[in-house]
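Numbers here simply count residues along the sequence, with the first being 1. As the structure is a prediction and not an experimental result, all values here were calculated from the model.
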Amino acid sequence: MRQSSDQDKARADIALMSPNLLWGLLETADRIGAPSDDWFAGTGLSRAQVSDPGVRLPDRPTAVVVERALKVLPPTIGLDLGRDQHIGNFGLLGLAMTTAATFGEALQIGLRFTPVVGSLMRFVESASESGTLALAGQMTLAYPSIHRFVAEEFFSSCLALARGLVGTTLRPLRIEFSYPAPAYREHYDEVFDCPVAFEQPQDRLVLDANWLAVPLPTHNPIASRQVLALCEAQMPDAAVPGEVTAAVERLLRAQLPQDPKLAGIAAQLHVSERTLRRQLTNEGTSFHDIHDRLRIDRAYALLRERNLTIASVGAAIGYKDPRDFRRAFKRLTGQTPRALREHLLAEMAGERR
């Protein structure tokens, strides 16, 4: 699901991005002798800004620089940058996560305070099978030409952070990407060390839920309160209203079969439709984007259940007519529900062998 151009424009001048990503690209270019002089032309950004860890960069100019960098850097650069990350690279957020009591608590801190470090992608919780936790990656703006790189860097760096917290034995049940497998497919196996699937409805990481209860040896409740207060203070103003999106998501998840509308959700939140629409736009999303994502997310999980008909899956997410479900699903994912079910069931059978 793509964000509208109006929503992208609303974020374009909001400085949320850490310079760490561009710094990594520049450091790689310098090391291998790749040209980088023209990366910043016309963006309003400069190499000096990237060298200042306290600077925050707007999304769209950052994406332009990334797009130019990818033309001269090795195709595996996203995986390579992410794999080499460690807790210290995440700054205050990494420190806050180390003070948590369990990995699950650390994960919630990471989800809440991602804007503190800034990223072109964020994790949101996704529907999953019993006993698992699924996190779906969402781009913060529509920029298809760099999607694969952003997903590679984001997923590999987050996994490096997770392994830094609980140990290198952490192994996801699987990782899924929405794009076709690249020519360097085997590099994914080296970096992620778990089953990896391509051409999926979403970019997702699926983890055994038992990991959430693993205690962290670095837990410190006093330090945790202090560092969480610092994280709160460093949250960008534009990111604070993210609680509105979360509230809409909670209401929609509970009411998907009833096909809730914007007016009804606004009434439950005690705001006008216009106010809710504006608040969501300020957070870089929209009611329809959230609704579509949650519908497909839930359908994706239900299609793995062999005993459910396609019509019942559609009804569970608010489509009374199976034909409407088929059309909407094909529009949003590029596949019919039946084709995706066959693909998912075949993958599940392969994993069991």
Side-chain angles (χ1 to χ4, degrees), residues 16-24 27 52-56 78-126 128 132-138 140 150-173 175 191-194 204-236 239-240 242-243 246:
L16 301 177
M17 277 292 300
S18 161
N20 288 344
L21 181 63
L22 296 189
W23 183 88
E27 190 276 333
D52 184 349
V55 166
R56 287 295 177 266
L79 294 174
D80 295 335
L81 286 179
R83 177 191 55 193
D84 294 338
Q85 297 298 305
H86 53 79
I87 292 175
N89 294 128
F90 290 80
L92 191 61
L93 177 60
L95 176 60
M97 294 175 74
T98 64
T99 66
T102 64
F103 178 65
E105 184 180 312
L107 184 60
Q108 289 304 315
I109 291 172
L111 294 175
R112 170 74 179 93
F113 293 110
T114 297
V116 171
V117 292
S119 177
L120 289 171
M121 182 169 275
R122 67 184 183 109
F123 269 140
V124 295
E125 291 193 42
S126 175
S128 60
T132 70
L133 170 73
L135 298 172
Q138 288 186 323
T140 61
V150 172
E152 289 174 341
E153 193 278 335
F154 184 74
F155 276 71
S156 56
S157 63
C158 288
L159 187 56
L161 171 60
R163 286 171 172 162
L165 291 169
V166 297
T168 57
T169 57
L170 186 146
R171 188 171 184 264
L173 295 175
I175 296 180
V191 171
F192 295 115
D193 187 30
C194 72
R204 295 203 320 165
L205 181 151
V206 183
L207 194 66
D208 188 322
N210 288 327
W211 282 104
L212 301 179
V214 173
L216 299 190
T218 50
H219 173 48
N220 186 318
I222 296 176
S224 181
R225 288 194 295 271
Q226 294 172 333
V227 76
L228 287 176
L230 291 174
C231 285
E232 287 282 3
Q234 290 199 13
M235 281 286 280
V240 172
E243 296 171 2

> For the residue pair Leu159 and Leu170, establish whether any side-chain heavy-atom pair is separated by less than 4.5 Å.
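A side-chain contact under 4.5 Å exists here.
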> Rounded to the nearest 0.5 Å, how far does CD1 of Ile109 lie from OG1 of Thr114?
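With rounding to 0.5 Å, OG1 (Thr114) is 11.5 Å from CD1 (Ile109).
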> In Å and rounded to the nearest 0.5 Å, what is the CG to CZ distance from Leu135 to Phe155?
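Between atom CG of Leu135 and atom CZ of Phe155 there are 8.0 Å.
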> Look up atom CZ in Arg112 and atom SG in Cys231, then write down how far apart they are to the nearest 0.5 Å.
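Rounded to the nearest 0.5 Å, the CZ-SG separation comes to 9.5 Å.
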> Over all heavy atoms of both residues, which pair between Leu165 and Ala106 is shortest? Give the atoms and the distance, please.
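Reported closest heavy-atom pair: CD1-CB, 4.1 Å.
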> What's the spacing between Ile222 CD1 and Thr99 OG1 if we round to 0.5 Å?
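Taking CD1 in Ile222 and OG1 in Thr99, the distance rounds to 11.5 Å.
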> Which pair of non-hydrogen atoms, one from Glu152 and one from Leu79, has the smallest distance, and what is that distance?
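In terms of heavy atoms, the two residues are closest at CB-CD2, 3.7 Å.
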> Do Phe113 and Glu232 have side-chain heavy atoms sitting under 4.5 Å apart?
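Contact flag for Phe113/Glu232 side chains = yes.
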> Would you check if the side chain of Arg171 reaches a backbone N or O of Asp193 as a donor-acceptor pair within less than 3.5 Å?
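Present.
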> Side chain to side chain donor-acceptor pair (under 3.5 Å) with Asn89: which residues, sequence neighbours excluded?
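So Asn89 forms a side chain to side chain donor-acceptor pair (under 3.5 Å) with His86.
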> Please round to the nearest 0.5 Å and tell me the distance separating atom CG of Asp80 and atom OG of Ser156.
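Rounded to the nearest 0.5 Å, the CG-OG separation comes to 8.5 Å.
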> Where do Ser119 and Phe154 come nearest, in terms of heavy atoms and distance?
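Where Ser119 meets Phe154 most closely, the heavy atoms are OG-CD1, 3.4 Å.
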> Examine distances only and state if a side-chain atom of Thr102 and a backbone atom of Glu105 form a donor-acceptor pair shorter than 3.5 Å.
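Answer holds: yes.
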> List the atom of Ala160, the atom of Gly82, and the distance in Å for their closest heavy-atom pair.
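Reported closest heavy-atom pair: CB-O, 3.7 Å.
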> Taking all non-hydrogen atoms of both residues, which atom of Phe123 and which atom of Leu111 are closest, and how far apart?
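Here Phe123 and Leu111 meet closest at CB-CD2, 3.4 Å.
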> What's the separation between atom CG in Leu120 and atom CD in Glu153, rounded to the nearest 0.5 Å?
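Here the interatomic distance stands at 9.0 Å.
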